[in-house]
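The structure appears below as structure tokens.
If you're wondering where the values come from, they're calculated on a predicted model, not measured in any experiment.
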Amino acid sequence: MKVVVYTLLATFGIQLGYFLWKISADTLPQIGKVRTSAVILGFLTHKKWLVGFFLTVIGWLLFIKAADLGAISLVQPLMSIGDLFLVILAVVFLKERLTKNEWLGLALTVAGAILLSFEAKIVLPQGVDWYRLTAFMILALLSWFGLMLFAKKSKSQEVPLAIIVGIGFGAGAVLTKLMTTYINVHGQHVESAAVVINPILP
């Protein structure tokens with residue numbers, strides 16, 4: 001059950017950080033329209049954006065712990081419960097509206113995540129299949145580039161871009177699990193400096 005708690009704390013932290021970024025967007029300097037130094041200074045001096053960044057980093061560290069405790073095939077779907085939290089924030093505070101089909105899709109996603117949580121258990125690392133990992137990453141990159149080309153020609157770019165983000169999160173989750181496996185196989189712990197000093201983090 002620990003893996004569920006860590007995953008939920010991770011997703012709530014990350015999604016709250018995203019929400020703060022969303023409400024900060026209009027008051028931040030526009031990338032590509034002002035000097036890079038002005039953009040960096042604008043982000044580093046914006047309180048809401050910095051709090052969002054802090055919450056996102058804390059959420060990511062909790063996600064690393066969750067990935068260390070459980071199978072990524074369980075942890076990543078459980079992260080989708082945070083989507084409901086983010087949607088509620090958007091509906092209540094930003095007055096955004098979802099269609100019936102969007103609410104249904106969100107409900108099915110959350111229901112699936114809850115069902116998966118009953119399978120939660122601590123998983124010990126078994127090693128890494130580097131060939132399959134390489135094939136997976138190549139497929140993810142090819143999908144990413146294909147969707148980028150499609151997005152440039154599409155009238156509604158948000159759909160292919162959202163799928164690109166999903167592929168990025170999925171690949172990131174797999175690499176995070178790989179990192180925790182690498183750390184454990186080398187007799188270290190994720191609560192140590194090994195999280196920062198390992199070849200997979202970059």
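Annotation for Phe53: atom CZ does not count as buried by contact number, only 12 or fewer foreign heavy atoms lying within 6.0 Å. Heavy atoms from other residues, nucleotides or ligands lying under 6.0 Å from OH of Tyr6 number 12 at most.
At least one side-chain heavy atom of Leu44 sits less than 4.5 Å from a side-chain heavy atom of Ile40. No side-chain heavy atom of Val110 sits less than 4.5 Å from a side-chain heavy atom of Phe85. Gln15 places none of its side-chain heavy atoms less than 4.5 Å from the side chain of Phe19. Residues Ser80 and Asp83 meet the side-chain proximity criterion, which asks for heavy atoms closer than 4.5 Å. Contact check for Leu78 versus Ile81: side-chain heavy atoms found under the 4.5 Å cut-off. Leu94 places none of its side-chain heavy atoms less than 4.5 Å from the side chain of Leu89. Residues Thr56 and Leu20 fail the side-chain proximity criterion, which asks for heavy atoms closer than 4.5 Å. Looking at Phe12 and Leu8, their side chains come closer than 4.5 Å, going by heavy atoms from C-beta outward.
Checked against the 6.0 Å centroid criterion, the rings of Tyr18 and Trp21 qualify as a close aromatic pair.
Between Phe63 and Ala173 the shortest heavy-atom distance is CZ-CB, 3.8 Å. What you find for Ala38 and Pro29 is that their closest heavy atoms are O-CG, 3.7 Å. Minimum interatomic distance between Ala194 and Gln188 (heavy atoms only, all atoms of both residues): CB-OE1, 3.6 Å.
Judged as a side-chain hydrogen bond (donor to acceptor under 3.5 Å, both in side chains), and not counting sequence neighbours, Gln157 has no contacts. Partners of Phe43 according to the ring-ring contact (aromatic ring centres under 6.0 Å, His included) rule, which considers only residues two or more places apart in sequence or in another chain, are Trp49.
At distances below 3.5 Å, not a single donor-acceptor pair connects side-chain atoms of Lys48 with backbone N or O atoms of Ser24. Judged by distance alone, with hydrogens and angles left aside, the side-chain atoms of Glu102 form a donor-acceptor pair with the main-chain N or O of Thr99 at under 3.5 Å. Under a 3.5 Å cut-off, the side chain of His186 and the backbone N or O of Tyr182 do form a donor-acceptor pair.
In the hydrophobic clustering, Leu41 connects to no other residue, as no ILVMFWY side-chain heavy atoms lie under 4.5 Å from its own. In the hydrophobic clustering, Ile138 connects to Leu142, either directly or through intervening members, whenever side-chain heavy atoms lie under 4.5 Å apart.
Legend: side-chain hydrogen bond (donor to acceptor under 3.5 Å, both in side chains) pairs involving residues 86-98, not counting sequence neighbours: none detected. Residue pairs satisfying the side-chain hydrogen bond (donor to acceptor under 3.5 Å, both in side chains) criterion with at least one member in residues 191-202, sequence neighbours excluded, are listed as follows: Lys65-Glu191.
Cluster membership for Met179 and Leu133, using ILVMFWY side-chain heavy atoms within less than 4.5 angstrom, is shared.
The residue from Thr7, Thr11, Asp68, Leu69 that alone fulfils the side chain to side chain contact (heavy atoms under 4.5 Å, CB included) condition with Val75 is Thr7.
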